[in-house]
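Have a look at the structure below, then the notes.
Order of the sequence lines sets the chain letters (A, B, ...), proteins ahead of strands, with each chain counted from 1.
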Amino acid sequence: MKVYLDNAATTMVRKEVVDAMIPAFTTYYGNPSSLHEFAREAEQLLDSARKDVANVIGAKPDEIVFTGGGSESDNMALRGAVAANKKKGKHVITSAVEHHAVLYTLQAMEREGLIDLTILPVDEYAIVSAESVTSALRDDTVLVSIMFANNEVGTINPIAEIGKVCRDKGVLFHTDAVQATGHVPIDVVKMNIDLMAISAHKFHGPKGVGVLYIRKGVRIPSLIIGGGQEKKRRAGTENVPGIVGLATALKLTNEHMAENAVKVGALRDKLLKGIADRIPDVKLNGHPINRLPNNVNYSIRYIEGESILLMLDINGIAASSGSACTSGSLDPSHVLLAMGLPHEIAHGSLRLTLSEFTTEEEINYVLDLLPQIIQRLRDMSPLYPKQHNA
Amino acid sequence: MKVYLDNAATTMVRKEVVDAMIPAFTTYYGNPSSLHEFAREAEQLLDSARKDVANVIGAKPDEIVFTGGGSESDNMALRGAVAANKKKGKHVITSAVEHHAVLYTLQAMEREGLIDLTILPVDEYAIVSAESVTSALRDDTVLVSIMFANNEVGTINPIAEIGKVCRDKGVLFHTDAVQATGHVPIDVVKMNIDLMAISAHKFHGPKGVGVLYIRKGVRIPSLIIGGGQEKKRRAGTENVPGIVGLATALKLTNEHMAENAVKVGALRDKLLKGIADRIPDVKLNGHPINRLPNNVNYSIRYIEGESILLMLDINGIAASSGSACTSGSLDPSHVLLAMGLPHEIAHGSLRLTLSEFTTEEEINYVLDLLPQIIQRLRDMSPLYPKQHNA
Amino acid sequence: MYTERVMDHFKNPRNVGEIEDASGVGTVGNAKCGDIMQIFLDIDENEIIRDVKFKTFGCGAAVATSSMATEMIKGKSVEDALKITNAAVVEALEGLPPAKIHCSVLAEEAVKAAIEDYMKKRDEAK
Amino acid sequence: MYTERVMDHFKNPRNVGEIEDASGVGTVGNAKCGDIMQIFLDIDENEIIRDVKFKTFGCGAAVATSSMATEMIKGKSVEDALKITNAAVVEALEGLPPAKIHCSVLAEEAVKAAIEDYMKKRDEAK
Ligand SMILES: Cc1ncc(COP(=O)(O)O)c(C=O)c1O
Ligand SMILES: Cc1ncc(COP(=O)(O)O)c(C=O)c1O
């Protein structure tokens, strides 16, 4: 049996999305900037994708800039917002649990002397409170970047509150919504969001294509300079098939968001509870309620994450420990450490992320196997207390 | 009849490429950074694509960085090379006929105070000579960026000579090979190239994916920061299907390069000669011999480019005037102006770019129609001399 | 990018040509900018525009705005023709892309230049 | 990312467990870094390693290198066992990813720590 529970890392592209992309590869393949029928057809595909994306997040089509993925969107937002506000100041606020596309970029900018950086701590659930943002704001603060939902532990931040705090102070607010988009309702207007990053491959769309929402009136320089595409905000021939795929996937995910939250949420809860019931000495990471409906993240004491993943993989189960980008690295998850977990416990985390294609059968299979796997590894571990061992 | 002669703007994705991509969308969809079978499958696809691309350009797989397209590759090369050589100097040399992804980026960097920029003039054929590079080199020159082949007029530069001049002086050499790759032989080692930009959609691959070749030993900072992908050189979940598509397309184009150059070259020559024979007062733009095998570019006196395109489009023929990215803009092509054409002649250029899928029937159709179209527009033109008019 | 109306006037431009011994000729724009419009008027003794022709070097919008402008003033009095605005031309064409609005301005200017030329000739003849 | 050899030792680790009243025990690494290896030796009067067991907290490579190291020293003399190198462990496993080489170092160190412990006890007993 093959069970894919690594949907926070990336998702399968759904059939409807592939079907929607194919004509853009082979028939409507013109360059939208050209001046002929092939180009107009491609431009129409772009226009309608832009409208669809705007609709889902409560934006206007003009506010949607298509990019080469979530990381590019984050980089563009951060570098752009800081460059555009040089005269006002150079203080930036972010949180300790951001994705590396935000955290490493801001830290690089700090080293380059471009910004003064405040990294807010989080509580034990990885939540960034609006109060902590408020008290960190300074007169020279130009940008606040707080993620919508955390990729490792699934915790959802009080984005509307943080947005309000920033808007009231006249400070730009960027949110990395790569994990949230398509999974929880987003309204950029009501939430006072100025800049927002989206990535298609997190909701059954293709890899290598994303969105940066830029609120009307916010002007930031381009990260990629050249042709006049995307109203001069992002150069490069538009990835028409990818953009069509992104919009198709987002529309579909959004249409079924509520029902999927229930369906996926129920399976997720079964998995959450099943693990807690069957395996001693585990600790749920992330907020129990303000949490993405598809995320399970446990620290499993006495053993190390990679070993768990390998054992699961041998049995056909795809999972993660820490974020995908840093697996292979030796550091434990910066997110779990920021939440206050001791190193040895942070090393033993297991993330299982579901999708609407996950079945109950798959969850049962995991719940059957996981306890044995954990026990086997614990029996091998010098940290596992003797009394259990007997 | 539909005739697509805008292949320098973008190309149809060939069937073999779509077929190669589909499994990466729907079956091998794992995130290559994860630790399970889905991830390993995706990683194998990446590895083999990297080898294929390296083979075609004479590079080592480690030297291939996959990006979100040609513009990103150019931006990364330019910003990266300058940032990495801050201590050595800040003088950069480029040419007046570069694509905007190079020219505008360097001009922005100049405005930002990051570089001193020398923009070399070109000859009447748009050629940048190695001698002109040599005489522009200074002790504080850190980078030379000269395009391999021009996107508008198809002229091929003496890249190996320029590469040698730079290497001898210990100056980094970047070449924008977006138009050349797959169409003319490239050997990064023999040509002494340090950095080179490639874009898949110019050789029947997908849009939104490209390559930056970075010679071993050349270290440049990332343009997009975040996860550790591409050996920490380009963050963001790898666009596995796009990369597979790029490699498949490049391999196929490369395998048939010689035969296509003959086949496409013959049709191109028929078109070149046919236009010269049938239409008076036209001027070939670009070098007659050192020229991409698929490029036709004529200035057609007394009339304006967009009108020609519209008339062609009405008759099912897709063509370009100036580069696609600036159509819609009011400026005439900076390339034609740099070649010394007067404004009113630069305004009347027509670019027809063929592909291996172009047929003789299509060329005949264009040759039949074009003279009438030109005559109609000339009859409407106040610039058209009376004696012709009679 | 162009409306059907624009494309119709581009494909079938009305009043293309020249008028020999025209009552007034107006030429505006220059080749450097990529647009030249020339308007020829034949005006009768009651100051009614009996005939109008144009020649244009330029993009699709330049051709369409010239064509539309000539239609709008044909048969009108000189006085009425002087009231033509670029906005009216754009409206008659059911819109133009923002980058092409300058073509409609050129068309307005061409009409006015031709009428001025006529007036100058008329006043000189007096 | 792991060779078949590594995966084989990870899936079926040899010599897992503890030895009560071991002749020598070595523990290296720490939980903070994500790896702890513990090696237990049973050494006979001829200084031959009669039995060896290990316990490991760590990644796949940590488990595989511990397992391989115990296999390599089992039945060997203490003198020979001291000559074990991390490179030999890596070679026996047909390679390790660069980021995991430190695990083989840990395995070497664990063996040596266990032998040192044995020697210390032996010398104290004299
Ligand atoms: C010479 C040249 N450089 C760079 C580019 C930019 O490539 P892309 O559109 O893939 O970003 C193009 C084409 O658009 C080009 O022709
Ligand atoms: C929260 C978050 N931000 C940013 C990214 C980066 O997106 P991408 O991989 O599409 O560049 C990811 C996923 O990788 C993510 O989970």
For B:Ser34, the option from A:Asp6, A:Asp313, A:Thr10 that meets side-chain contact (heavy atoms from CB on, under 4.5 Å): A:Asp6
Contact class of B:Ala319 relative to chain A, heavy atoms under 4.5 angstrom: backbone
Side chain, backbone, both or neither of B:Phe25 within contact of chain A (heavy atoms, under 4.5 Å): both
Heavy-atom proximity to chain A below 4.5 Å, by part of B:Lys2: side chain
Test log, rule side-chain contact (heavy atoms from CB on, under 4.5 Å), inputs B:His36 and A:Leu312: CA-CA 8 Å; B:His36 46 64; A:Leu312 288 172; over 6 Å; no
Greatest number of heavy atom pairs closer than 4.5 Å to chain B - which of A:Val240, A:Leu223, A:Val209: A:Leu223
Most chain B-contacting option - heavy-atom pairs closer than 4.5 Å, from A:Ile224, A:Asp74, A:Leu103, A:Thr67: A:Ile224
Most contacts with chain B, counted as non-hydrogen pairs under 4.5 angstrom, among A:Ile22, A:Asn75, A:Val102: A:Asn75
Proximity breakdown for B:Arg79 and chain A, heavy-atom pairs closer than 4.5 Å: side chain
Value rounded to 0.5 Å, distance of CG in B:Leu106 from CD1 in A:Ile225: 9.5 Å
Contact class of B:Asn239 relative to chain A, heavy atoms under 4.5 angstrom: both
Residue part contacting chain A, namely of B:Glu238, when any heavy atom lies under 4.5 Å: backbone
Exam field: side chain B:Lys207 to backbone A:Tyr29, donor-acceptor pair closer than 3.5 Å: yes
Interchain contact, B:Ala108 with chain A, by part (heavy-atom threshold 4.5 Å): side chain
Heavy atoms from other residues, nucleotides or ligands near CZ of A:Phe38 exceed 12 (cutoff 6.0 Å): yes
Segment of B:Met21 engaging chain A (4.5 angstrom heavy-atom cut-off): side chain
Region of B:Thr11 that comes under 4.5 Å of a non-hydrogen atom in chain A: backbone
Under 4.5 Å from a heavy atom of chain B, the part of A:Arg14 involved: neither
Among the listed options A:Gly68, A:Ala318, A:Gly208, A:Gly236, the residue most often paired with chain B at heavy-atom distances under 4.5 Å: A:Ala318
